[in-house]
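Down below is the structure, laid out as structure tokens.
This one's a predicted model, so the numbers in the text were calculated from it and none came from an experiment. Computed over heavy atoms, backbone and side chain alike; hydrogens, waters and symmetry mates excluded.
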Amino acid sequence: MGVKFQHLEVVRVKGEIVTRQKQWRLTGEVGFVAGWSDPYEDGHRDYGVHFNTFGEVIAVPEADLESLGRIADPSEIVSRSRLGGKAKNGERSPAPAERNSPPVSAPEPG
């Protein structure tokens with residue numbers, strides 16, 4: 001079975017997913033495909049999805065993802081260092097402008 005999602009494809013978690021170690025709830029979160037596993041015996045794959053709200057790549061089963069129909073620009077990805085070393089759930093998250101937009105430069109005075 002082939003790869004369902006492309007590198008940097010924007011996806012949303014549609015299943016009820018909670019990470020084990022940090023108990024982050026992924027349901028409804030939007031992220032970017034960073035990679036994928038080899039297919040399992042039944043043909044499905046897990047996808048490594050980068051979530052700006054967490055600043056991390058987290059494995060998500062293929063069946064729990066849906067495409068939002070576009071490929072992200074690499075500048076849209078917010079690393080943990082750009083989050084100030086913090087993650088979600090009570091800690092600082094990036095502002096919506098940080099998560100979705102590249103930096104904007106001011107016009108030169110003239």
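One distance of note links NE2 of H50 with CD1 of I77; it measures 6.0 Å at 0.5 Å rounding. Remark: Q6 CD to Y47 OH distance equals 10.0 Å, nearest 0.5 Å. To the nearest 0.5 Å, atoms OG (S37) and CD (E62) are separated by 8.5 Å.
Checked against side-chain hydrogen bond (donor to acceptor under 3.5 Å, both in side chains), T19 has no partners two or more places apart in sequence or in another chain. Legend: residues meeting side chain to side chain contact (heavy atoms under 4.5 Å, CB included) with V10, ordered by chain and number and at least two apart, are V30, F32, L68, R70, A72. With sequence neighbours left out, the side-chain hydrogen bond (donor to acceptor under 3.5 Å, both in side chains) criterion links D64 to no other residue. Every residue two or more places apart in sequence or in another chain that forms a side-chain hydrogen bond (donor to acceptor under 3.5 Å, both in side chains) with D73 is listed here: S75. Residues that satisfy the salt bridge (Lys or Arg N to Asp or Glu O under 4.0 Å) test with E16, not counting sequence neighbours, are R25.
In terms of heavy atoms, D46 sits closest to Y40 at OD2-OH, 2.8 Å. For the residue pair I17 and P61, the shortest heavy atom distance occurs at CD1-CD, 4.2 Å. Heavy-atom minimum distance, R45 versus W36: NH1-CD1, 3.7 Å. Residues T53 and E29 approach most closely at OG1-OE1, 2.9 Å, considering heavy atoms. In plain terms, the two heavy atoms of K4 and E9 that are nearest each other are O-OE1, 4.3 Å.
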Practice item. Given side-chain contact (heavy atoms from CB on, under 4.5 Å), test I58 with F51 step by step and report yes or no. Key: CA-CA 8 Å; I58 300 169; F51 295 95; 4.0 Å; yes
Exercise for review: In sequence, state the C-alpha distance, the side-chain angles, and the governing distance for V13 and L65, and then conclude on side-chain contact (heavy atoms from CB on, under 4.5 Å).
Suggested key: CA-CA 5 Å; V13 178; L65 294 172; 4.0 Å; yes
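Under the 4.5 Å side-chain criterion, counting only non-hydrogen atoms from C-beta, L26 is in contact with V60.
With salt bridges taken as basic N to acidic carboxylate O contacts below 4.0 Å, one links E66 and R12.
Cluster annotation: V57 is not connected to F54 through the hydrophobic network of ILVMFWY side chains, with a link wherever side-chain heavy atoms come within less than 4.5 Å.
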